[in-house]
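Reading through the structure tokens given below for one structure.
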Amino acid sequence: MNILIANDHGAVALKQAIQNALEQEGHTVTNLGVDTEESVDYPDIAHKAATTFLKGGYDFGIVCCGSGIGISIAANKHKGIRCAQVFDLYTAAMCKKHNNANFLAFGGRIQYPVPVIDMIHAYMEAQFEGGRHERRVSKLNDLCSNSN
Ligand code: RB5
């Protein structure tokens with residue numbers, strides 16, 4: 001798969017671990033995040049990730065900040081981005097099955113109950129169920145007024 005990843009200074013180690021794991025599995029990972037602890041602003045990182053993703057060519061995106069909260073809020077400001085801040089295997093699978101999420105968000109300062117890579121696998125292995133969820137996802141898009 002072709003995966004985009006981006007992070008602020010609060011999730012450098014997490015981003016690197018995710019990127020390494022996915023690349024070892026044979027995926028192509030484009031890193032739009034930072035690799036130092038120098039402070040940056042997560043809205044800028046999310047905007048770069050979202051606008052790049054929306055140009056096409058990526059299967060999904062992963063965004064990370066300290067808590068996963070700010071960068072997911074910022075990503076979801078972009079029409080066409082459905083960013084899910086997941087925290088276990090259930091939410092990781094459900095965000096694809098029901099919400100057709102195209103971004104996952106994680107926090108570098110969070111202690112998760114399962115490894116982050118396992119949540120990513122649960123997301124990758126799940127399929128969007130369509131049907132009534134198609135209508136709801138379409139309504140999500142309609143709620144977003146900006147075009148980038
Ligand atoms: C940065 O210190 C921190 O606020 C950011 O990474 C994120 O957690 C915000 O939601």
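Ligands are counted one by one from 1 in listed order, and the atoms in each one are counted from 1 as well.
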Distance in Å, Gln85 CD paired with Cys95 SG, rounded so as to fall on 0.5 Å steps: 11.5 Å
Below 4.5 Å, heavy atoms only, C-beta onward: do Leu22 and Met124 meet side chain to side chain? yes
Classify the side-chain pair Thr91/Asp88 by whether it contains a donor and acceptor separated by less than 3.5 Å. yes
Fit a plane to each ring of Phe53 and Phe103, take the angle between them on a 0 to 90° scale, and name the class: parallel (under 30°), tilted (30 to 60°) or perpendicular (over 60°). perpendicular
May I have every N or O pair linking ligand 1 to the protein at under 3.5 Å, one per line with atom names and distance?
residue	atom	partner	partner atom	Å
ligand 1	2 (O)	Arg109	NH1	3.3
ligand 1	6 (O)	Asp8	OD1	3.4
ligand 1	6 (O)	Asp8	OD2	2.6
ligand 1	6 (O)	Gly66	N	2.7
ligand 1	8 (O)	Gly66	N	3.3
ligand 1	8 (O)	Ser67	N	2.9
ligand 1	8 (O)	Ser67	OG	3.2
ligand 1	10 (O)	Ser67	OG	3.3
ligand 1	10 (O)	Gly70	N	2.9

Backbone N or O of Gly107 within a donor-acceptor pair of the Tyr112 side chain at under 3.5 Å? yes
Can a donor-acceptor pair be found between the side chains of Glu129 and His98 at a distance below 3.5 Å? yes
